[in-house]
Amino acid sequence: MNAPPADPAPVPAGLPRRVHGGYALGSLATGAFGTVPGLLLLPYLTDTLGVAAGVAALLVLLPKAWDVLVNPVAGRVSDRTRSRWGARRPYLLFAGLALAVLFAAIFAGPFGTGPFASAYVALAFLATATAFAFFQVPYVAMPAELTDDYAERTRLMTWRIAVLALAILVSGAVAPLVVTAGGDGVPGHRWMGLFVAVLIALGAVGAFFGTRSAPTGVVSGNEPTLRAQLAVAAANRPFRALLICFVVQSAGVATILAGVNYFAGQILRDDEGGPTLLFVCFVGPALLVMPLWSRVGARLGKRAALVVAALILAAGALALVAAPALPPVAVYLLVAVLGVGYAGQQVFALAMLPDCIAYDTARTGRRQAGVFTGLWTAGETFGLALGPGIYGLVLQISGYVSSDTGAAAAQSGTARLGVLLGFTVLPALLVGPPVLLLRRYTLTPAVLAAAMRDGRTTRDERVDHGVVLGDESR
(Lines give C-alpha, C1' and ligand atoms only; values in the text may rest on other atoms or scores of the structure.)
Protein backbone atom coordinates (compact mmCIF):
# COMPACT_ATOMS: atom_id res chain seq x y z
CA MET A 1 0.00 0.00 0.00
CA ASN A 2 1.33 3.41 -0.89
CA ALA A 3 1.95 5.77 1.97
CA PRO A 4 -0.43 8.77 2.12
CA PRO A 5 1.04 12.11 1.15
CA ALA A 6 2.66 13.95 4.00
CA ASP A 7 1.54 17.38 5.06
CA PRO A 8 3.47 20.08 3.23
CA ALA A 9 6.13 21.55 5.46
CA PRO A 10 4.89 24.78 7.04
CA VAL A 11 6.76 27.93 6.16
CA PRO A 12 7.21 30.95 8.40
CA ALA A 13 4.39 33.49 8.53
CA GLY A 14 6.54 36.59 8.90
CA LEU A 15 9.19 37.36 6.30
CA PRO A 16 12.22 39.62 6.74
CA ARG A 17 12.29 42.88 4.86
CA ARG A 18 15.20 41.74 2.71
CA VAL A 19 13.01 38.95 1.33
CA HIS A 20 10.18 41.39 0.67
CA GLY A 21 12.56 43.65 -1.19
CA GLY A 22 14.41 40.86 -2.97
CA TYR A 23 11.26 39.24 -4.24
CA ALA A 24 9.84 42.59 -5.31
CA LEU A 25 12.89 43.28 -7.50
CA GLY A 26 11.60 40.68 -9.96
CA SER A 27 8.88 43.16 -10.83
CA LEU A 28 11.50 45.23 -12.65
CA ALA A 29 11.49 42.46 -15.24
CA THR A 30 7.76 41.75 -15.27
CA GLY A 31 6.87 45.45 -15.25
CA ALA A 32 9.22 46.34 -18.10
CA PHE A 33 8.14 43.47 -20.34
CA GLY A 34 4.48 43.85 -19.44
CA THR A 35 4.55 47.58 -20.22
CA VAL A 36 6.86 48.50 -23.07
CA PRO A 37 5.56 46.13 -25.78
CA GLY A 38 2.01 47.16 -24.94
CA LEU A 39 3.00 50.81 -25.05
CA LEU A 40 5.42 50.99 -27.99
CA LEU A 41 5.21 47.84 -30.12
CA LEU A 42 1.96 48.69 -31.87
CA PRO A 43 3.07 52.27 -32.70
CA TYR A 44 6.49 50.90 -33.75
CA LEU A 45 4.78 48.63 -36.26
CA THR A 46 2.26 51.16 -37.56
CA ASP A 47 4.29 54.40 -37.50
CA THR A 48 7.88 53.18 -38.03
CA LEU A 49 7.69 49.92 -40.00
CA GLY A 50 4.59 50.97 -41.97
CA VAL A 51 2.51 47.90 -41.06
CA ALA A 52 -1.27 48.25 -41.48
CA ALA A 53 -3.05 48.60 -38.13
CA GLY A 54 -5.04 45.37 -38.51
CA VAL A 55 -1.95 43.34 -39.41
CA ALA A 56 0.01 44.99 -36.59
CA ALA A 57 -2.74 44.00 -34.16
CA LEU A 58 -2.34 40.35 -35.16
CA LEU A 59 1.45 40.54 -34.91
CA VAL A 60 1.10 41.81 -31.34
CA LEU A 61 -1.63 39.35 -30.38
CA LEU A 62 -0.49 36.01 -31.81
CA PRO A 63 2.93 35.67 -30.08
CA LYS A 64 1.32 36.48 -26.73
CA ALA A 65 -1.55 34.08 -27.45
CA TRP A 66 1.15 31.40 -27.78
CA ASP A 67 1.82 31.93 -24.07
CA VAL A 68 -1.62 30.56 -23.27
CA LEU A 69 -0.15 27.18 -24.24
CA VAL A 70 3.35 27.73 -22.87
CA ASN A 71 2.54 29.10 -19.40
CA PRO A 72 0.85 25.96 -18.00
CA VAL A 73 3.79 23.91 -19.31
CA ALA A 74 6.23 26.29 -17.59
CA GLY A 75 4.27 25.87 -14.37
CA ARG A 76 4.35 22.10 -14.59
CA VAL A 77 8.09 22.09 -15.36
CA SER A 78 8.91 24.36 -12.42
CA ASP A 79 6.70 22.25 -10.10
CA ARG A 80 8.84 19.24 -10.99
CA THR A 81 12.21 21.00 -10.77
CA ARG A 82 14.59 19.92 -8.01
CA SER A 83 17.77 21.92 -7.52
CA ARG A 84 19.98 23.26 -4.75
CA TRP A 85 18.38 26.65 -5.46
CA GLY A 86 14.83 25.36 -5.03
CA ALA A 87 12.14 24.75 -7.62
CA ARG A 88 11.61 28.35 -8.75
CA ARG A 89 14.80 30.38 -8.34
CA PRO A 90 16.83 28.86 -11.23
CA TYR A 91 14.21 30.19 -13.65
CA LEU A 92 14.47 33.68 -12.19
CA LEU A 93 18.10 33.82 -13.27
CA PHE A 94 18.36 31.89 -16.51
CA ALA A 95 14.96 32.66 -18.05
CA GLY A 96 15.28 36.25 -16.84
CA LEU A 97 18.60 36.81 -18.60
CA ALA A 98 17.28 35.13 -21.77
CA LEU A 99 14.28 37.46 -21.60
CA ALA A 100 16.58 40.50 -21.48
CA VAL A 101 18.60 39.44 -24.54
CA LEU A 102 15.53 38.51 -26.59
CA PHE A 103 13.74 41.75 -25.71
CA ALA A 104 16.60 43.78 -27.16
CA ALA A 105 16.35 41.60 -30.28
CA ILE A 106 12.70 42.60 -30.88
CA PHE A 107 13.69 46.18 -31.65
CA ALA A 108 17.08 45.43 -33.25
CA GLY A 109 15.60 46.11 -36.72
CA PRO A 110 18.07 44.10 -38.86
CA PHE A 111 15.76 44.29 -41.90
CA GLY A 112 14.82 47.97 -41.69
CA THR A 113 11.22 48.31 -42.87
CA GLY A 114 8.97 46.12 -45.00
CA PRO A 115 7.51 42.59 -44.84
CA PHE A 116 10.72 40.90 -43.63
CA ALA A 117 10.97 43.44 -40.83
CA SER A 118 7.46 42.73 -39.55
CA ALA A 119 7.99 38.95 -39.79
CA TYR A 120 11.23 39.31 -37.82
CA VAL A 121 9.47 41.28 -35.09
CA ALA A 122 6.76 38.61 -34.80
CA LEU A 123 9.31 35.79 -34.45
CA ALA A 124 11.48 37.71 -31.97
CA PHE A 125 8.40 38.61 -29.93
CA LEU A 126 7.35 34.94 -29.93
CA ALA A 127 10.74 33.84 -28.56
CA THR A 128 10.69 36.62 -25.96
CA ALA A 129 7.19 35.68 -24.82
CA THR A 130 8.35 32.09 -24.32
CA ALA A 131 11.30 33.19 -22.17
CA PHE A 132 8.95 35.44 -20.19
CA ALA A 133 6.68 32.48 -19.45
CA PHE A 134 9.54 30.56 -17.85
CA PHE A 135 10.44 33.61 -15.74
CA GLN A 136 6.99 34.84 -14.81
CA VAL A 137 5.30 31.56 -13.87
CA PRO A 138 7.87 30.47 -11.25
CA TYR A 139 8.11 34.05 -10.01
CA VAL A 140 4.37 34.36 -9.40
CA ALA A 141 4.29 30.88 -7.81
CA MET A 142 6.77 31.82 -5.07
CA PRO A 143 4.50 33.77 -2.65
CA ALA A 144 2.31 30.74 -1.93
CA GLU A 145 5.48 28.92 -0.84
CA LEU A 146 7.16 31.83 0.97
CA THR A 147 4.47 32.18 3.65
CA ASP A 148 1.30 30.51 4.93
CA ASP A 149 -0.02 33.74 6.44
CA TYR A 150 -3.08 35.39 4.83
CA ALA A 151 -2.10 38.96 5.76
CA GLU A 152 1.60 38.43 5.02
CA ARG A 153 0.73 37.67 1.40
CA THR A 154 -0.90 41.08 1.11
CA ARG A 155 2.22 42.72 2.56
CA LEU A 156 4.40 40.77 0.15
CA MET A 157 2.22 41.84 -2.77
CA THR A 158 2.26 45.44 -1.56
CA TRP A 159 6.05 45.47 -1.88
CA ARG A 160 5.86 43.78 -5.24
CA ILE A 161 3.24 46.15 -6.65
CA ALA A 162 5.18 49.18 -5.38
CA VAL A 163 8.27 48.03 -7.30
CA LEU A 164 6.06 47.02 -10.23
CA ALA A 165 4.63 50.53 -10.32
CA LEU A 166 8.14 51.98 -10.23
CA ALA A 167 9.23 49.65 -13.03
CA ILE A 168 6.22 50.55 -15.13
CA LEU A 169 6.81 54.23 -14.46
CA VAL A 170 10.50 54.13 -15.35
CA SER A 171 10.19 51.84 -18.37
CA GLY A 172 7.00 53.40 -19.70
CA ALA A 173 7.99 57.02 -19.16
CA VAL A 174 11.66 56.78 -20.09
CA ALA A 175 11.44 54.35 -23.02
CA PRO A 176 9.72 56.88 -25.35
CA LEU A 177 12.34 59.48 -24.35
CA VAL A 178 15.12 57.04 -25.22
CA VAL A 179 13.53 56.50 -28.64
CA THR A 180 13.54 60.26 -29.23
CA ALA A 181 17.06 60.73 -27.88
CA GLY A 182 18.26 57.89 -30.11
CA GLY A 183 17.00 59.60 -33.25
CA ASP A 184 13.49 58.11 -33.51
CA GLY A 185 12.69 55.49 -36.13
CA VAL A 186 14.57 52.17 -36.10
CA PRO A 187 17.78 53.55 -34.49
CA GLY A 188 15.88 55.10 -31.60
CA HIS A 189 14.01 51.88 -30.96
CA ARG A 190 17.28 49.92 -30.91
CA TRP A 191 18.57 52.06 -28.06
CA MET A 192 15.26 51.73 -26.26
CA GLY A 193 15.44 47.93 -26.56
CA LEU A 194 18.87 47.92 -24.93
CA PHE A 195 17.69 50.22 -22.14
CA VAL A 196 14.73 47.99 -21.26
CA ALA A 197 16.90 44.85 -21.54
CA VAL A 198 19.16 46.25 -18.81
CA LEU A 199 16.13 46.84 -16.54
CA ILE A 200 14.95 43.27 -17.10
CA ALA A 201 18.40 41.83 -16.34
CA LEU A 202 18.67 43.88 -13.13
CA GLY A 203 15.28 42.61 -11.99
CA ALA A 204 16.07 38.98 -12.74
CA VAL A 205 19.47 38.99 -11.03
CA GLY A 206 18.14 41.03 -8.09
CA ALA A 207 15.23 38.64 -7.47
CA PHE A 208 17.51 35.59 -7.71
CA PHE A 209 20.02 36.83 -5.16
CA GLY A 210 17.45 38.70 -3.04
CA THR A 211 15.50 35.52 -2.30
CA ARG A 212 18.50 33.24 -1.67
CA SER A 213 17.74 33.06 2.08
CA ALA A 214 13.96 32.85 1.68
CA PRO A 215 11.97 29.74 2.63
CA THR A 216 10.67 27.93 -0.45
CA GLY A 217 8.16 25.54 1.08
CA VAL A 218 7.77 22.08 -0.40
CA VAL A 219 6.61 21.29 -3.93
CA SER A 220 5.12 17.83 -3.64
CA GLY A 221 2.50 15.39 -4.82
CA ASN A 222 1.86 16.67 -8.34
CA GLU A 223 -0.91 15.16 -10.37
CA PRO A 224 0.60 12.73 -12.90
CA THR A 225 -0.42 14.59 -16.08
CA LEU A 226 -0.87 18.18 -17.17
CA ARG A 227 -4.51 17.42 -17.97
CA ALA A 228 -5.09 16.19 -14.42
CA GLN A 229 -3.42 19.30 -13.00
CA LEU A 230 -5.58 21.59 -15.11
CA ALA A 231 -8.65 19.71 -13.92
CA VAL A 232 -7.62 20.37 -10.30
CA ALA A 233 -7.28 24.09 -11.02
CA ALA A 234 -10.63 24.17 -12.83
CA ALA A 235 -12.29 22.60 -9.78
CA ASN A 236 -11.12 25.50 -7.61
CA ARG A 237 -14.16 27.79 -7.92
CA PRO A 238 -12.64 30.90 -6.25
CA PHE A 239 -9.59 30.65 -8.50
CA ARG A 240 -11.75 30.24 -11.59
CA ALA A 241 -13.80 33.35 -10.80
CA LEU A 242 -10.74 35.45 -9.95
CA LEU A 243 -8.86 34.32 -13.06
CA ILE A 244 -11.63 35.16 -15.52
CA CYS A 245 -12.17 38.56 -13.90
CA PHE A 246 -8.46 39.38 -13.95
CA VAL A 247 -7.95 38.30 -17.56
CA VAL A 248 -10.74 40.52 -18.85
CA GLN A 249 -9.57 43.43 -16.70
CA SER A 250 -5.99 42.95 -17.95
CA ALA A 251 -7.28 43.37 -21.49
CA GLY A 252 -8.87 46.64 -20.40
CA VAL A 253 -5.68 47.92 -18.81
CA ALA A 254 -3.76 46.88 -21.91
CA THR A 255 -6.00 48.97 -24.18
CA ILE A 256 -5.08 52.00 -22.08
CA LEU A 257 -1.37 51.25 -22.43
CA ALA A 258 -1.70 50.62 -26.15
CA GLY A 259 -3.53 53.89 -26.65
CA VAL A 260 -1.20 56.24 -24.75
CA ASN A 261 0.85 57.35 -27.76
CA TYR A 262 -2.18 57.62 -30.03
CA PHE A 263 -4.24 59.49 -27.41
CA ALA A 264 -1.40 61.93 -26.69
CA GLY A 265 -0.83 62.67 -30.38
CA GLN A 266 -4.35 62.68 -31.78
CA ILE A 267 -6.45 63.93 -28.84
CA LEU A 268 -4.04 66.04 -26.77
CA ARG A 269 -1.99 67.07 -29.83
CA ASP A 270 1.23 66.55 -27.88
CA ASP A 271 3.45 63.94 -29.52
CA GLU A 272 6.59 64.76 -27.56
CA GLY A 273 5.78 65.26 -23.87
CA GLY A 274 2.23 63.90 -23.89
CA PRO A 275 3.00 60.14 -23.71
CA THR A 276 5.41 60.60 -20.81
CA LEU A 277 3.03 62.83 -18.85
CA LEU A 278 0.13 60.45 -19.39
CA PHE A 279 2.23 57.55 -18.23
CA VAL A 280 3.47 59.33 -15.14
CA CYS A 281 -0.08 60.29 -14.22
CA PHE A 282 -1.31 56.72 -14.74
CA VAL A 283 1.42 54.90 -12.84
CA GLY A 284 2.74 57.54 -10.44
CA PRO A 285 -0.22 57.41 -8.03
CA ALA A 286 0.50 53.74 -7.33
CA LEU A 287 3.69 54.78 -5.51
CA LEU A 288 1.70 57.13 -3.29
CA VAL A 289 -1.55 55.28 -2.60
CA MET A 290 -0.22 51.77 -1.93
CA PRO A 291 -0.24 52.24 1.88
CA LEU A 292 -3.80 53.55 1.59
CA TRP A 293 -4.92 50.53 -0.41
CA SER A 294 -3.30 48.28 2.18
CA ARG A 295 -5.48 49.87 4.90
CA VAL A 296 -8.56 49.64 2.69
CA GLY A 297 -7.91 45.95 2.18
CA ALA A 298 -7.52 45.39 5.92
CA ARG A 299 -10.84 47.13 6.57
CA LEU A 300 -13.00 45.88 3.68
CA GLY A 301 -11.32 42.59 2.78
CA LYS A 302 -9.47 41.80 -0.42
CA ARG A 303 -12.49 41.04 -2.59
CA ALA A 304 -14.42 44.21 -1.70
CA ALA A 305 -11.28 46.31 -2.08
CA LEU A 306 -10.68 44.83 -5.55
CA VAL A 307 -14.23 45.74 -6.56
CA VAL A 308 -13.78 49.33 -5.34
CA ALA A 309 -10.47 49.69 -7.18
CA ALA A 310 -11.87 48.30 -10.44
CA LEU A 311 -14.87 50.63 -10.32
CA ILE A 312 -12.60 53.65 -9.76
CA LEU A 313 -10.51 52.59 -12.76
CA ALA A 314 -13.58 52.08 -14.96
CA ALA A 315 -15.23 55.35 -13.90
CA GLY A 316 -12.06 57.32 -14.60
CA ALA A 317 -11.71 55.78 -18.05
CA LEU A 318 -15.33 56.53 -18.92
CA ALA A 319 -14.99 60.15 -17.79
CA LEU A 320 -12.11 60.62 -20.24
CA VAL A 321 -14.59 60.51 -23.12
CA ALA A 322 -14.91 64.26 -22.49
CA ALA A 323 -11.15 64.77 -23.02
CA PRO A 324 -11.48 66.72 -26.32
CA ALA A 325 -13.51 69.38 -24.47
CA LEU A 326 -11.36 69.48 -21.32
CA PRO A 327 -8.19 71.45 -20.58
CA PRO A 328 -5.09 69.25 -20.52
CA VAL A 329 -4.66 69.58 -16.75
CA ALA A 330 -8.12 68.08 -16.20
CA VAL A 331 -7.29 65.20 -18.53
CA TYR A 332 -4.10 64.43 -16.63
CA LEU A 333 -5.99 64.52 -13.31
CA LEU A 334 -8.52 62.03 -14.65
CA VAL A 335 -5.68 59.77 -15.78
CA ALA A 336 -4.32 59.98 -12.22
CA VAL A 337 -7.71 58.70 -10.99
CA LEU A 338 -7.26 55.74 -13.34
CA GLY A 339 -3.87 55.19 -11.76
CA VAL A 340 -5.32 55.04 -8.26
CA GLY A 341 -7.78 52.36 -9.36
CA TYR A 342 -5.12 50.48 -11.30
CA ALA A 343 -2.85 50.23 -8.24
CA GLY A 344 -5.60 48.68 -6.12
CA GLN A 345 -6.80 46.38 -8.90
CA GLN A 346 -3.32 44.94 -9.28
CA VAL A 347 -2.40 44.53 -5.62
CA PHE A 348 -5.62 42.81 -4.51
CA ALA A 349 -5.91 40.46 -7.46
CA LEU A 350 -2.31 39.34 -6.94
CA ALA A 351 -2.84 39.03 -3.16
CA MET A 352 -5.91 36.84 -3.71
CA LEU A 353 -4.10 34.42 -6.02
CA PRO A 354 -1.88 32.87 -3.27
CA ASP A 355 -5.02 32.42 -1.15
CA CYS A 356 -6.55 30.36 -3.96
CA ILE A 357 -3.38 28.26 -4.10
CA ALA A 358 -3.40 27.78 -0.32
CA TYR A 359 -7.05 26.72 -0.52
CA ASP A 360 -6.16 24.08 -3.09
CA THR A 361 -3.31 22.84 -0.89
CA ALA A 362 -5.71 22.52 2.02
CA ARG A 363 -8.19 20.55 -0.10
CA THR A 364 -5.71 18.22 -1.78
CA GLY A 365 -2.63 18.12 0.44
CA ARG A 366 -0.45 18.95 -2.57
CA ARG A 367 1.63 22.03 -3.26
CA GLN A 368 1.45 22.67 -7.00
CA ALA A 369 1.51 26.43 -7.21
CA GLY A 370 3.13 26.28 -10.64
CA VAL A 371 -0.05 24.90 -12.18
CA PHE A 372 -2.15 27.76 -10.87
CA THR A 373 0.37 30.47 -11.66
CA GLY A 374 0.91 28.92 -15.09
CA LEU A 375 -2.78 29.35 -15.84
CA TRP A 376 -2.79 32.78 -14.21
CA THR A 377 0.11 34.16 -16.19
CA ALA A 378 -1.22 32.55 -19.37
CA GLY A 379 -4.49 34.38 -18.84
CA GLU A 380 -2.79 37.63 -17.87
CA THR A 381 -0.45 37.46 -20.86
CA PHE A 382 -3.35 36.76 -23.18
CA GLY A 383 -5.31 39.68 -21.72
CA LEU A 384 -2.33 42.02 -22.09
CA ALA A 385 -1.97 40.92 -25.71
CA LEU A 386 -5.69 41.05 -26.42
CA GLY A 387 -5.89 44.71 -25.37
CA PRO A 388 -3.48 46.04 -28.04
CA GLY A 389 -5.00 43.60 -30.53
CA ILE A 390 -8.48 44.99 -29.94
CA TYR A 391 -7.16 48.54 -29.97
CA GLY A 392 -5.41 47.91 -33.29
CA LEU A 393 -8.63 46.56 -34.77
CA VAL A 394 -10.50 49.65 -33.56
CA LEU A 395 -7.89 51.79 -35.33
CA GLN A 396 -8.25 49.71 -38.50
CA ILE A 397 -12.04 49.96 -38.49
CA SER A 398 -11.95 53.71 -37.84
CA GLY A 399 -9.57 54.27 -40.77
CA TYR A 400 -6.25 54.95 -39.04
CA VAL A 401 -3.48 55.61 -41.61
CA SER A 402 -0.11 53.91 -40.99
CA SER A 403 3.31 55.45 -41.73
CA ASP A 404 6.90 54.28 -42.23
CA THR A 405 8.47 57.67 -41.49
CA GLY A 406 8.75 57.32 -37.71
CA ALA A 407 5.98 59.89 -37.20
CA ALA A 408 2.20 59.47 -37.27
CA ALA A 409 0.38 60.43 -40.49
CA ALA A 410 -2.46 62.98 -40.55
CA GLN A 411 -5.69 61.29 -39.44
CA SER A 412 -9.38 61.82 -40.20
CA GLY A 413 -11.98 62.76 -37.60
CA THR A 414 -13.28 59.19 -37.63
CA ALA A 415 -9.81 57.82 -36.93
CA ARG A 416 -9.39 60.24 -34.02
CA LEU A 417 -12.75 59.11 -32.65
CA GLY A 418 -11.50 55.52 -32.77
CA VAL A 419 -8.39 56.58 -30.84
CA LEU A 420 -10.59 58.24 -28.19
CA LEU A 421 -13.14 55.43 -27.75
CA GLY A 422 -10.44 52.77 -27.65
CA PHE A 423 -8.71 54.64 -24.82
CA THR A 424 -11.84 55.39 -22.76
CA VAL A 425 -15.08 53.48 -23.33
CA LEU A 426 -13.45 50.19 -24.31
CA PRO A 427 -11.31 49.81 -21.14
CA ALA A 428 -14.23 50.94 -18.95
CA LEU A 429 -16.35 48.11 -20.35
CA LEU A 430 -13.55 45.59 -19.88
CA VAL A 431 -12.68 46.58 -16.30
CA GLY A 432 -16.02 47.36 -14.62
CA PRO A 433 -18.57 44.61 -15.40
CA PRO A 434 -16.23 41.65 -14.68
CA VAL A 435 -16.37 42.42 -10.93
CA LEU A 436 -19.77 40.66 -10.98
CA LEU A 437 -17.85 37.41 -11.39
CA LEU A 438 -16.34 37.91 -7.95
CA ARG A 439 -19.62 36.92 -6.33
CA ARG A 440 -18.28 33.37 -6.66
CA TYR A 441 -15.07 34.25 -4.84
CA THR A 442 -15.67 33.24 -1.21
CA LEU A 443 -12.20 32.96 0.32
CA THR A 444 -12.37 35.10 3.45
CA PRO A 445 -9.73 34.55 6.16
CA ALA A 446 -12.23 32.48 8.15
CA VAL A 447 -13.15 30.27 5.19
CA LEU A 448 -9.51 29.72 4.29
CA ALA A 449 -8.54 28.93 7.89
CA ALA A 450 -11.41 26.43 8.15
CA ALA A 451 -10.37 24.76 4.89
CA MET A 452 -6.77 24.42 6.09
CA ARG A 453 -7.93 23.03 9.43
CA ASP A 454 -10.26 20.53 7.78
CA GLY A 455 -7.53 19.53 5.32
CA ARG A 456 -5.11 18.73 8.14
CA THR A 457 -7.78 16.71 9.94
CA THR A 458 -8.57 14.69 6.82
CA ARG A 459 -4.91 13.88 6.22
CA ASP A 460 -4.44 12.89 9.87
CA GLU A 461 -7.39 10.49 9.60
CA ARG A 462 -5.90 9.05 6.40
CA VAL A 463 -2.59 8.40 8.18
CA ASP A 464 -4.33 6.76 11.19
CA HIS A 465 -6.34 4.52 8.87
CA GLY A 466 -3.13 3.42 7.13
CA VAL A 467 -1.59 2.44 10.46
CA VAL A 468 -4.62 0.28 11.37
CA LEU A 469 -4.47 -1.52 8.04
CA GLY A 470 -0.77 -2.07 8.52
CA ASP A 471 -1.37 -3.70 11.91
CA GLU A 472 -4.07 -6.02 10.49
CA SER A 473 -1.81 -7.13 7.66
CA ARG A 474 0.74 -8.40 10.13
Side-chain angles (χ1 to χ4, degrees), residues 27-51 56 59-60 63-64 96-113 117-118 120-129 131-132 135 164-204 254 256-265 270-280 282-283 384-385 388 391-392 402-408:
S27 289
L28 286 176
T30 60
F33 182 73
T35 301
V36 177
L39 179 69
L40 294 180
L41 188 55
L42 189 64
Y44 175 63
L45 290 167
T46 59
D47 296 341
T48 296
L49 300 186
V51 181
L59 293 179
V60 171
K64 285 292 192 77
L97 292 178
L99 173 64
V101 172
L102 290 169
F103 184 91
I106 294 175
F107 295 96
F111 298 104
T113 62
S118 58
Y120 167 82
V121 169
L123 291 174
F125 194 28
L126 179 67
T128 309
F132 182 67
F135 175 86
L164 179 66
L166 181 62
I168 293 172
L169 181 62
V170 171
S171 62
V174 177
L177 299 179
V178 175
V179 173
T180 301
D184 292 313
V186 173
H189 284 87
R190 285 178 184 148
W191 283 109
M192 180 275 299
L194 291 173
F195 163 71
V196 176
V198 170
L199 283 182
I200 292 172
L202 288 174
I256 296 173
L257 295 177
V260 165
N261 276 22
Y262 299 101
F263 184 82
D270 186 359
D271 288 307
E272 295 185 1
T276 298
L277 281 175
L278 284 173
F279 214 87
V280 169
F282 182 62
V283 181
L384 291 175
Y391 196 89
S402 297
S403 167
D404 61 2
T405 65

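Residue L384 comes nearest to A254 through the heavy atom pair O-CB, 3.4 Å, listed as atom of the first residue, atom of the second, then distance. When all heavy atoms of P275 and N261 are compared, the closest pair comes out as CB-OD1, 3.4 Å. Taking every heavy atom of both residues into account, V174 and F195 meet most closely at CG1-CZ, 3.6 Å. Pairing each heavy atom of P388 with each of A258, the nearest pair is CA-CB, 3.8 Å. The heavy-atom pair separating A29 from A204 by the smallest distance is CB-N, 4.4 Å. Minimum heavy-atom separation, G109 to Y44: CA-OH, 4.2 Å.
Under the 3.5 Å distance criterion, the side-chain polar atoms of T128 are matched with a main-chain donor or acceptor of L102.
The shortest side-chain heavy-atom distance between F33 and S171 does not fall under the 4.5 Å cut-off. Using a 4.5 Å heavy-atom threshold, the side chains of V196 and F107 count as separate. Counting only heavy atoms from C-beta outward, the side chains of P176 and L40 approach each other to under 4.5 Å. The closest side-chain heavy-atom distance from S118 to L59 is below 4.5 Å.
With rounding to the nearest 0.5 Å, the separation of CG in L257 from CG in L278 is 11.0 Å. Here the NE2-CG distance, from H189 to L41, works out to 8.5 Å after rounding to the nearest 0.5 Å. The structure places CG of D270 at 11.5 Å from CZ of F263, a figure rounded to the nearest 0.5 Å. Annotation: the span from L28 atom CG to L199 atom CG amounts to 6.5 Å, rounded to 0.5 Å. Note: F125 CZ to F103 CZ = 8.5 Å, rounded to the nearest 0.5 Å.
Ring centroid separation for the pair Y262 and Y391 comes in under the 6.0 Å cut-off.
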